[in-house]
Amino acid sequence: MAAIIEQVEAPADLRPEVVGRNPWALAARRLWRNRIAMVALGLFLFIVVICVAAPLYAHFVAHLNPFTPNLNGTTVINGKVVPVMQQGGGTLKLGETPIGPTWDPYHYALGADDLGRDVAALVLYGGRSSLLIGIGSALICCAVATVVALIAGYFGGVTDSILSRVMDIIWAFPLYLLAISIGTELLTHSQGFQFGPLHVSASSLWVPTIIIAFVYIPYVYRPIRGQVLSSAWRLIFSEVLPNVVSTVIVLLPLMIATTILTEAALSFLGIGVQPPNVSWGTIISGGEDLLYTRPWVSIAPGIMIVLTVLSLNVFGDGVRDALDPRAKLRVGE
């Protein structure tokens, strides 16, 4: 039986004229062709943009200060002036209940919270804090973990043993318990902290940022250290770093998603973002008592967290696939 030779056209990445190109350019090309990852990146960037534009929305659209209580204020629904805090709310029709969603971006689109503040504007401002803490803590965590892993892998011996044992000690603590313990201790200093010429107030966003970055360092340190130890180029940092930077890039969006979730959890428990700042976690916590009457106070920031974390995880998977040098060509039988 004569052999049948079937010619299969190689993908663009593996053609002779392309193989010799810069691997980063090839990775960027693969990532660009991953439409799902690009949509996820677009969604994340859209969330970042609308959160950054929170002051514009509050000033030019909603025409209010979302941080100022508005218990005696009014708004407009269908051309009628109505109070922000409505009398006779709840199951027993007693007390006051904040106005619900009007779906009008100019008049309490997502309703008000228990202080009469615009939930839509608060969600956007809360996103600024959540994204700042999430991205900042992930960058600090990855940077510190990378430097420590390079030092441990390069020098080895006693240095590697000491640094690895320190990472193991941090790793041994339950993550949230460690973060809550550190946060509780730091927040007891109402006057803030003084580090030489640098003064950090207890309500500063730097407090949760540093705490979250610290507790996640071992989680990034381990895979990078393993990459350094398995590398054949361990002579100087300039030769080692290019071999591990792809691992850091893959971990970064996943760490941002994880740190955003951690910040939301800590803020919900009262250990994260402190007044007068707000975040998605603090808004969810503040809307806990309104779940049965005005659930959108908690649902809106919850949706923002889900969309942000989902987009980062999908994009992170796309980055991993684009940078994975072990990707194999699969040809159907």
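Because only heavy atoms are used, hydrogens play no part in the values below, and waters and symmetry mates are left out as well, while side chains stay in.
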Can you check whether Leu43's main-chain N or O pairs, donor with acceptor, with Ser311's side chain at less than 3.5 Å? no
Measure the spacing between CG of Asp118 and CG of Leu124 and express it to the nearest 0.5 Å. 9.0 Å
Would you say the side-chain atoms of Thr97 and Arg294 include a donor-acceptor pair closer than 3.5 Å? no
Would Tyr108 and Asn70 count as having a side-chain donor-acceptor pair, cut-off 3.5 Å? yes
Nearest 0.5 Å, please: how far is CD1 in Ile212 from OG1 in Thr258? 11.0 Å
Main-chain N/O of Val273 paired to Ser267 side chain as donor or acceptor, under 3.5 Å: yes
Does a sphere of radius 6.0 Å around CZ in Phe173 hold more than 12 heavy atoms from other residues, nucleotides or ligands, not counting ones at 6.0 Å or beyond? no
Which atom names give the shortest non-hydrogen contact between Val228 and Gly153, and what distance separates them? CG1-CA, 3.7 Å
Could you measure the distance from the OG atom of Ser137 to the CD1 atom of Ile211? Nearest 0.5 Å is fine. 11.0 Å
CD1 of Ile305 to CD1 of Ile260: how many Å apart, nearest 0.5 Å? 8.5 Å
Does a donor on one side chain sit under 3.5 Å from an acceptor on the other, for Glu263 and Ser130? yes
Could you tell me if the side chain of Leu312 sits less than 4.5 Å from the side chain of Leu254, heavy atoms only? no
Taking the side chain as every heavy atom from C-beta outward, state whether Val39 and Phe315 have any pair of such atoms under 4.5 Å apart. no
Using a 4.5 Å cut-off on heavy atoms from C-beta on, say whether the side chain of Leu31 contacts that of Met38. yes
Given the rule in the side chain to side chain contact (heavy atoms under 4.5 Å, CB included) test, do His107 and Asp104 qualify, once you have shown the distances and angles that lead to the verdict? CA-CA 5 Å; His107 304 99; Asp104 178 356; 2.9 Å; yes
Between Val61 and Leu56, is any pair of side-chain heavy atoms under 4.5 Å apart? no
Verify the neighbour count for atom CZ of Phe214: are there more than 12 heavy atoms of other residues, nucleotides or ligands below 6.0 Å? no
Within-4.5 Å side-chain heavy-atom neighbours: Phe268 and Thr282: no
Out of Val48, Leu261, Ile47, which one pairs with Thr308 under the side-chain contact (heavy atoms from CB on, under 4.5 Å) rule? Ile47
Show, in sequence, the C-alpha distance, side-chain angles and deciding distance for Val82 and Ile99, and conclude whether the side chain to side chain contact (heavy atoms under 4.5 Å, CB included) test is met. CA-CA 9 Å; Val82 297; Ile99 192 172; 3.9 Å; yes
Atom pair CE (Met167) and CD1 (Ile217), whose distance is rounded to the nearest 0.5 Å: 6.0 Å
Starting from the C-alpha separation in whole Å, work towards a yes-or-no answer on ring pair (Phe, Tyr, Trp, His ring centres under 6.0 Å) for Tyr219 and Trp171. CA-CA 8 Å; Tyr219 294 81; Trp171 181 286; 4.5 Å; yes
Taking the side chain from Thr159 and the backbone from Phe155, do they hold a donor-acceptor pair closer than 3.5 Å? no
Do Tyr125 and Pro55 have side chains that get closer than 4.5 Å, going by heavy atoms? yes
Closest non-hydrogen atom pair between Ser279 and Ser129, with its separation: CB-CB, 4.1 Å
Looking only at non-hydrogen atoms, find the nearest pair between Ala257 and Asn313 and report the distance. CB-ND2, 3.7 Å
Is a side-chain donor-acceptor pair under 3.5 Å present for Ser298 with Glu288? no
Closer than 3.5 angstrom, by distance alone: can the side chain of Arg117 be matched with the main-chain N or O of Asp114 as a donor-acceptor pair? no
Can you name the nearest heavy-atom pair linking Asn277 to Ser203, along with the distance? ND2-O, 3.0 Å
Is there a side chain to side chain contact (heavy atoms under 4.5 Å, CB included) between Phe44 and Leu131 once you walk through the steps? CA-CA 10 Å; Phe44 175 70; Leu131 290 170; 4.0 Å; yes
Given Tyr221 and Ser164, is the side-chain hydrogen bond (donor to acceptor under 3.5 Å, both in side chains) satisfied, shown in steps? CA-CA 9 Å; Tyr221 166 84; Ser164 296; 2.9 Å; yes
What's the spacing between Arg128 CZ and Ile50 CD1 if we round to 0.5 Å? 12.5 Å
Can Leu290 and Trp296 be said to form a side chain to side chain contact (heavy atoms under 4.5 Å, CB included), step by step? CA-CA 9 Å; Leu290 300 173; Trp296 274 98; over 6 Å; no
Under 3.5 Å, side chain of Trp280 to main-chain N/O of Val123, donor-acceptor pair present? yes
For Trp32, does the CH2 atom have more than 12 heavy-atom neighbours from other residues, nucleotides or ligands under 6.0 Å away? no
Would you call the rings of His63 and Tyr106 parallel, tilted or perpendicular if under 30° counts as parallel and over 60° as perpendicular? parallel
How about Val215 and Tyr176: do any of their side-chain heavy atoms sit closer than 4.5 Å? no
Side chains of Leu71 and Val84 in contact at under 4.5 Å (non-hydrogen atoms): no
Donor-acceptor pair, distance only, cut-off 3.5 Å: does the side chain of Thr259 make one with the backbone of Gly134? yes
Electrostatic pair Asp168-Arg222, nearest N-O below 4.0 angstrom: yes
Is Val147 linked to Leu163 within one hydrophobic cluster, defined over Ile, Leu, Val, Met, Phe, Trp and Tyr using a side-chain heavy-atom separation of less than 4.5 Å? yes
Quick one: does any side-chain atom of Gln274 pair with a main-chain N or O of Gly270 as donor and acceptor, under 3.5 Å? yes
When you measure from the side chain of Tyr57 to the backbone of Pro105, do you find a donor-acceptor pair of N or O atoms at a distance under 3.5 Å? yes
Correct closest heavy-atom pair for Ala27 and Leu323 would be CB-CD2, 3.3 Å
What pair of heavy atoms forms the shortest contact from Pro223 to Leu251, and how long is it? CG-CD1, 4.0 Å
